[in-house]
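A short write-up of the structure that comes next.
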Amino acid sequence: MAQRPDSASAAPPLPPGLDLLWGRRERGRRGPKPGLSVDAIVETAVRVADTEGLEAVSMARVAAELGFTTMSLYRYVTSKDELLQLMWNASAQGAESLVLTGDGWRERLRQWALIQREMMDRHPWITQMPMAAPPLAPNSLTFVERGLETLDGTGLPDADKIRVIGLLSSYALSEGRMAHDAARAAAAAQAAAAAGDAPVPPATFEELLRQLVDEKSFPILHRIAWSGSVGQAPSGMDEQAEFLFGVECILDGVQQMIERSRNGRSAGRGTAG
């Protein structure tokens, strides 16, 4: 077990934004004009990102939206990296009051995964965020805690619980990114059509497979391509149904982990005497 430091001075410095979110740094004082605050800055940045994507967010753009100079913002938020941390925390607002319902760990953990995916659908710019490390903002960790709570009483070691939560989060992020990219491509095609261009409709996964794979080299893919079972969506499948399918596969694996853990403890008790 890792030893805890004797004093806070032994801890490494927090990354930009986390010191502010965790109360380790005083928030900027009100400027000469009313209306500017950390909360107002973050709320505006999230609104811009929701509407136009993360690439539209800059300190200058947020300042212009609020009617202040860019330098005014730096009294409250020191950099764009810090602003991204604050935005990430804001995207998980409400995690502290989240109550997961259902009978048993599986229903509650499924609900947790669906809530996470819904959050990404509301704020698709999350899939564009740089992620060198797991999110450590207060709201994010509160949401992780709610996920870990679903596995209480299963007998899984805590290390395996956090691995399960990480796996589901990574899966939700990956699927959310694919859905977001597909939506962006569709929006670009619509914009081109509105401008008078004649965009070529995107080919479906099934159509592309039929062009690319032959029966001898790719017998299974060839069979799938001509089966009519993969649908007409660009990805080949209904996106929501596919996300749920993946969640169930992960939960099936978790169920096996729980059963192995319980069987191991039972075997240990049987040989103890």
Side-chain angles (χ1 to χ4, degrees), residues 13-96 115-144 169-170 172-192 194-195 239:
L14 292 172
L18 289 182
D19 54 352
L20 187 61
L21 286 167
W22 287 98
R24 310 294 172 84
R25 190 183 93 213
E26 185 179 1
R27 289 183 171 227
R29 299 184 182 277
R30 182 181 292 273
K33 297 180 182 180
L36 191 58
S37 66
V38 172
D39 291 340
I41 292 167
V42 175
E43 181 181 345
T44 301
V46 168
R47 176 168 49 78
V48 170
D50 285 346
T51 305
E52 302 177 38
L54 193 64
E55 64 274 11
V57 176
S58 67
M59 299 291 279
R61 172 65 186 278
V62 173
E65 290 285 325
L66 287 166
F68 290 90
T69 66
T70 304
M71 290 305 299
S72 298
L73 265 64
Y74 285 105
R75 297 183 59 184
Y76 300 84
V77 178
T78 62
S79 66
K80 184 177 178 179
D81 285 343
E82 182 167 290
L83 179 59
L84 293 179
Q85 281 281 3
L86 299 173
M87 290 172 64
W88 192 295
N89 185 66
S91 72
Q93 191 170 7
E96 69 282 354
I115 290 171
Q116 186 171 45
R117 179 56 199 277
E118 289 166 2
M119 178 178 65
M120 292 178 186
D121 290 341
R122 288 195 306 272
H123 304 296
W125 49 267
I126 292 174
T127 66
Q128 300 173 276
M129 291 279 280
M131 191 181 298
L136 291 167
N139 289 345
S140 299
L141 289 189
T142 299
F143 187 69
V144 168
S169 295
S170 297
L173 182 64
S174 173
E175 292 296 300
R177 179 178 290 117
M178 288 182 63
H180 178 48
D181 288 349
R184 285 162 64 92
Q190 290 180 354
E239 195 275 326

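- Within 6.0 Å of CD in Glu96 there are more than 12 heavy atoms belonging to other residues, nucleotides or ligands.
- The minimum heavy-atom distance between Ala90 and Val46, with the atom names listed, is CB-CG2, 4.3 Å.
- For the atom pair CG (Leu73) and OG1 (Thr78), the distance works out to 11.0 Å, reported to the nearest 0.5 Å.
- Inter-residue side-chain proximity for Trp125 and Val57 is flagged as unmet; no heavy-atom pair is nearer than 4.5 Å.
- Side-chain atoms of Trp88 do not come within 3.5 Å of backbone N or O of Ser140 as any donor-acceptor pair.
- Smallest separation of non-hydrogen atoms from Leu84 and Met129: O-CE, 3.2 Å.
- Between the CE atom of Met120 and the CD atom of Gln116 there is a distance of 4.5 Å, given to the nearest 0.5 Å.
- The existence of a salt bridge linking Asp121 and Arg117 is confirmed by a sub-4.0 Å separation between a basic side-chain nitrogen and an acidic carboxylate oxygen.
- Leu20 and Tyr76 make their closest contact through CD2-O, 4.1 Å (heavy atoms, listed as atom of the first residue, atom of the second, distance).
- Using modelled atom types, one side-chain atom of Asn139 and one backbone atom of Asn89 make a donor-acceptor pair closer than 3.5 Å.
- Here NE2 of His180 is found 4.5 Å from OG1 of Thr127. Values are rounded to the nearest 0.5 Å.
- Across all their heavy atoms, Gln85 and Leu21 have their closest contact at O-CD1, 3.9 Å.
- Using modelled atom types, one side-chain atom of Thr51 and one backbone atom of Arg47 make a donor-acceptor pair closer than 3.5 Å.
- Considering NE2 of His123 and CD of Gln93, their distance stands at 8.5 Å, rounded to 0.5 Å.
- Side chain of Gln128 to main chain of Leu54: a donor-acceptor pair is present (N/O by atom type, distance under 3.5 Å, no hydrogens or angles).
- No more than 12 heavy atoms of other residues, nucleotides or ligands lie within 6.0 Å of CD in Glu43, so this atom counts as exposed by the packing criterion.
- Residues Met87 and Ala49 share a closest heavy-atom pair of CE-CB, 3.8 Å.
- Residues Val77 and Leu83 share a closest heavy-atom pair of CG1-N, 3.7 Å.
- Rounded to the nearest 0.5 angstrom, Leu36 CG and Ile41 CD1 are separated by 4.5 Å.
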